[in-house]
Amino acid sequence: MSVINGVERYPSLGLKVVVVGAGVGGLMAALECWRKGCDVIVLERANEISVLGNLTSKRPESHRDDSNFTPGDYFTIPPSGVTTLKYYPTMHADYHKDVYDCSISIWRPNGTCVKRTFPEWVREGRENTAAPDVKISFIKRRPVYTNMLLDQCVRLGIPVHFGQKADKVTESDSGVVIETKTGEKYEADVCLSGDGIGSGFTPDICNAPVLESGYAAARAAFPRDVIKKGSPAEELLKTVDEQPEFRTYLGDDLHLILFLTKDWSDGNAAESWHNLRDPEVCIKQLYEKADNWDPAVIDFFQQIPEKIVDWGLRWRDPVEQWTSNGGRIAKLGDAAHAFLPTAGNGAVQACEDAVTIGECLRLGGKENAPWATKVYNKLRFQRTSILQQSGFINREELHHADLNAIEANPDVKDIGFFKGGKWVWAHNPETYATEKYDECLSHLQKGTPFVNTNLPPGHMYNPWTMASENERMAAQLPSNLKTNGYWGV
Ligand SMILES: Cc1cc2nc3c(=O)[nH]c(=O)nc-3n(C[C@H](O)[C@H](O)[C@H](O)COP(=O)(O)OP(=O)(O)OC[C@H]3O[C@@H](n4cnc5c(N)ncnc54)[C@H](O)[C@@H]3O)c2cc1C
C-alpha cells in the first residue's frame, strides 16, 4: 500500500477509469476507485462546482429543463453513505468541522408541534450504524459537501477537468474512448457515468422516458441574518443556536420543510437562489391547502429574499441494467436511479454506488473489469429500486397523515422519511461487495443462485413502475412496501 495525504491506497491495478460528472456520486466514485488502485480522471461539463450544487453557469430557461443543474442546497447523507470517510483522514476532519444533531419534527400548519424526535440512527446510537466513527450531521450544505470531496481529489492528485462535457463514448473489447464536446479524447478501461438525470450522455444505457411526477419542490436557502429582528418569523429561530431543527409541516397533499440551522450567517444571500418563483406564489399555494397557517411561517416566507427555486420533480422508472452490454460503461447515482426528494436517499445511494464500484473493480482487476461492473449493478439494483419506490410512499404518508393518531402515539407512529429502517443506515456497501462479489459473479457467469441481502430482512422484491404506483394511488390502495420485510430499527 502507498500512502498519500494519509490515505492508504491499494496496489495499482493498472486500470484506468474515466468518471463523467463531478456530482457527489462522481467525485465519491473517483476517490473510491483511486483508493482501490485505479488511475482516475473526472470530466465535468460545468466550469466549477457551483454554490447551488451542480449548477452550470448557464441558467435554465425554465424550471422544466433539468438537464443543466441539480438543485437542493441541502441534503441528508445517513451513515451508509459515509462508511469509507475514515480512510481519508483530512476529509474526515473536514466533515466534522460542521456537524450537529438536528431534531426532526412534525407540525400542523397552525404552528402546533405534533411530534419531535431525532433521526433513527441518532436514537439507536452511533455504534449501531454503518459508520460509528462519523458524527453524522443530519443535513449538509450540498456545495460544502461536494467541495469537500473535490478538495480530497485535489489532495490526492486526481485530475478533475471542468468545462469538459462528455459527448460520446465508444466501447471495444479492450476499452473505451470518451470524446468531449470540445473534441478531446480520453481512453480508459472503464467509463463511470455519474452524469445525473437527463444529461443525454450514453443514451443507449439505462435510459427510460422522463416522466412528470405531478409534483414540484419549491426551495430557497438564505442566511439567517435576512430574517428581521423582532419579526414573527424570528420566533422560528429562537432556539436554533442550541438545537437546529428540521420541521415538517403537514397539510393536505402538501408538506413544507423548514430547516432552521445556525451554520450559514455570512449575509451573502445573493448566492442562494435563482430567479424562478415569487415567495407570494408559494404563500398562495400554502393557503390553498390550509387556511390557518402560523403567521410566523407566512412571515418567514415573506422575508425570503427575492425568489424561490421551483423544481418540477421528474422521474425515470427503475431500469435494471446500468451497464453497457460489454460491461465497460456503467452508470451510477441519479444517472442509474432517479429519486424523489421524499426518499431522502438520492445522494446517499450515489455514495453507496461509488463505494461498491470501487470495491468491485478492485476485486475484478483490469482483466475482469467488465464483469466487475456487472456485479456492481447486480448488488445495487434491488436496494436502490426499493428506496426509489419509498419516495412515493413517503410522500403519500406525509401528505395524508393522520396527525391526531401521531399526536396520540408519538413514540410508535413514524411516517414518511422519519421511518427508514435499520436496513438502510446500518448497511456497509464496501463490506457487502467484498462478501458477495464471488457469489454474485458465479451467478452472472454460471447461473448459480444469488440473493441480495442488502434489502429489508425478509423482503420479497417486487418490480414496479411509476405507472403502477400511480394506479395504486388513484385506486386509494395502501402500499405494502414498508410491511414487506422488516423496516424497523
Ligand atoms: C429538491 C431535492 C432535494 C433532495 N434532497 C436530498 C436529500 O435530502 N438526501 C439525499 O440523499 N438526496 C437528496 N436529493 C437527491 C440528490 O440531490 C441526488 O440524488 C444527488 O445529487 C445525485 O448525485 P449525482 O452525483 O448522481 O448527480 P448530480 O449531483 O446531478 O451530478 C451530476 C454531475 O454530472 C455533470 N454532468 C452531466 N452531464 C455531463 C456530461 N455529459 N459531461 C460531464 N459532466 C456532466 C453535472 O454537471 C453534474 O455536476 C434531493 C434532490 C432534489 C431535487
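Just so you know, ligand 1 is whichever comes first in the structure, and atom 1 is the first atom listed for that ligand.
Within the structure, salt bridge (Lys or Arg N to Asp or Glu O under 4.0 Å) pairs that include any residue of residues 317-326 do not occur (at least two apart or interchain).
Checked for salt-bridge contact, K422 and E120 miss the test: no charged N lies under 4.0 Å from a carboxylate O. Note on E397 versus K419: no salt bridge recorded, every NZ/NE/NH1/NH2 to OD/OE distance being 4.0 Å or above. No salt bridge links R395 with E469; every basic N to acidic carboxylate O contact stays at or beyond 4.0 Å. Between E179 and K168, at least one side-chain nitrogen of the basic residue sits less than 4.0 Å from a carboxylate oxygen of the acidic one, meeting the salt-bridge criterion.
Applying the salt bridge (charged side-chain N to carboxylate O under 4.0 Å, His left out) criterion to R247, with sequence neighbours excluded, gives E245.
Any N or O atom pair closer than 3.5 Å counts here, and L332 shares no such pair with ligand 1. Residue V20 has no nitrogen or oxygen atom sitting less than 3.5 Å from a nitrogen or oxygen atom of ligand 1, judged on distance alone. Close N/O approach between F201 and ligand 1 is not found [any backbone or side-chain N/O within under 3.5 Å]. Where the criterion is an N or O separation shorter than 3.5 Å, residue side chain and backbone included, A46 fails it with respect to ligand 1. Not a single N or O atom of K165, backbone or side chain, sits closer than 3.5 Å to an N or O atom of ligand 1. Close N/O approach between G25 and ligand 1 is found [any backbone or side-chain N/O within under 3.5 Å]. Considering backbone and side-chain atoms alike, A335 places every N or O at 3.5 Å or more from each N or O of ligand 1.
Within the structure, the closest approach of Q349 to ligand 1 does not fall below 4.0 Å when heavy atoms are considered. In this structure, Q164 counts as a contact residue of ligand 1, since one of its heavy atoms falls inside 4.0 Å of the ligand. Within the structure, ligand 1 lacks I77 among the residues with a heavy atom less than 4.0 angstrom away.
Listed by number with element, the atoms of ligand 1 under 4.0 angstrom from any heavy atom of G194 are 32 (C), 33 (C), 34 (O). The distance from ligand 1 to the heavy atoms of L43 drops below 4.0 Å at these ligand atoms: 43 (C), 44 (N). If you number the atoms of ligand 1 from 1 as listed, the ones under 4.0 Å from a heavy atom of R142 come out as 16 (C), 17 (O), 21 (O). In the vicinity of G21, heavy-atom distances shorter than 4.0 Å reach the ligand 1 atoms 33 (C), 34 (O), 35 (C), 44 (N). Contact atoms of ligand 1 toward G196: 27 (O), 30 (O), 32 (C) (distance under 4.0 Å to a heavy atom of the residue). Ligand-side atoms of ligand 1 in range of V348: 11 (O), range being under 4.0 angstrom from any heavy atom. Residue G333 has at least one heavy-atom neighbour below 4.0 Å for each of these atoms of ligand 1: 26 (O).
At a cut-off of 3.5 Å, with distance as the only test, a side-chain donor of E171 or S324 sits close to an acceptor on the other residue. Checking E430 against T84 by side-chain atom types alone, no donor-acceptor pair falls below 3.5 Å.
With a heavy-atom cut-off of 4.0 Å, N345 touches ligand 1 through its backbone alone.
Centroid-to-centroid, the aromatic rings of H255 and Y249 stay 6.0 Å apart or farther. Taking the six-membered ring where the residue is Trp, the centroids of W423 and H459 are separated by 6.0 Å or more.
With M28, K181, H161, E44 as candidates, the residue nearest to atom 49 (O) of ligand 1 on a non-hydrogen basis is E44. In this comparison of T146, T202, T76, the heavy atom closest to atom 8 (O) of ligand 1 sits on T76.
Judged by the 6.0 Å distance and 45° axis criteria, K331 is not positioned over the aromatic ring of F201.
With hydrogens and angles ignored, the 3.5 Å screen pairs no side-chain donor or acceptor of N454 with any backbone N or O of R383.
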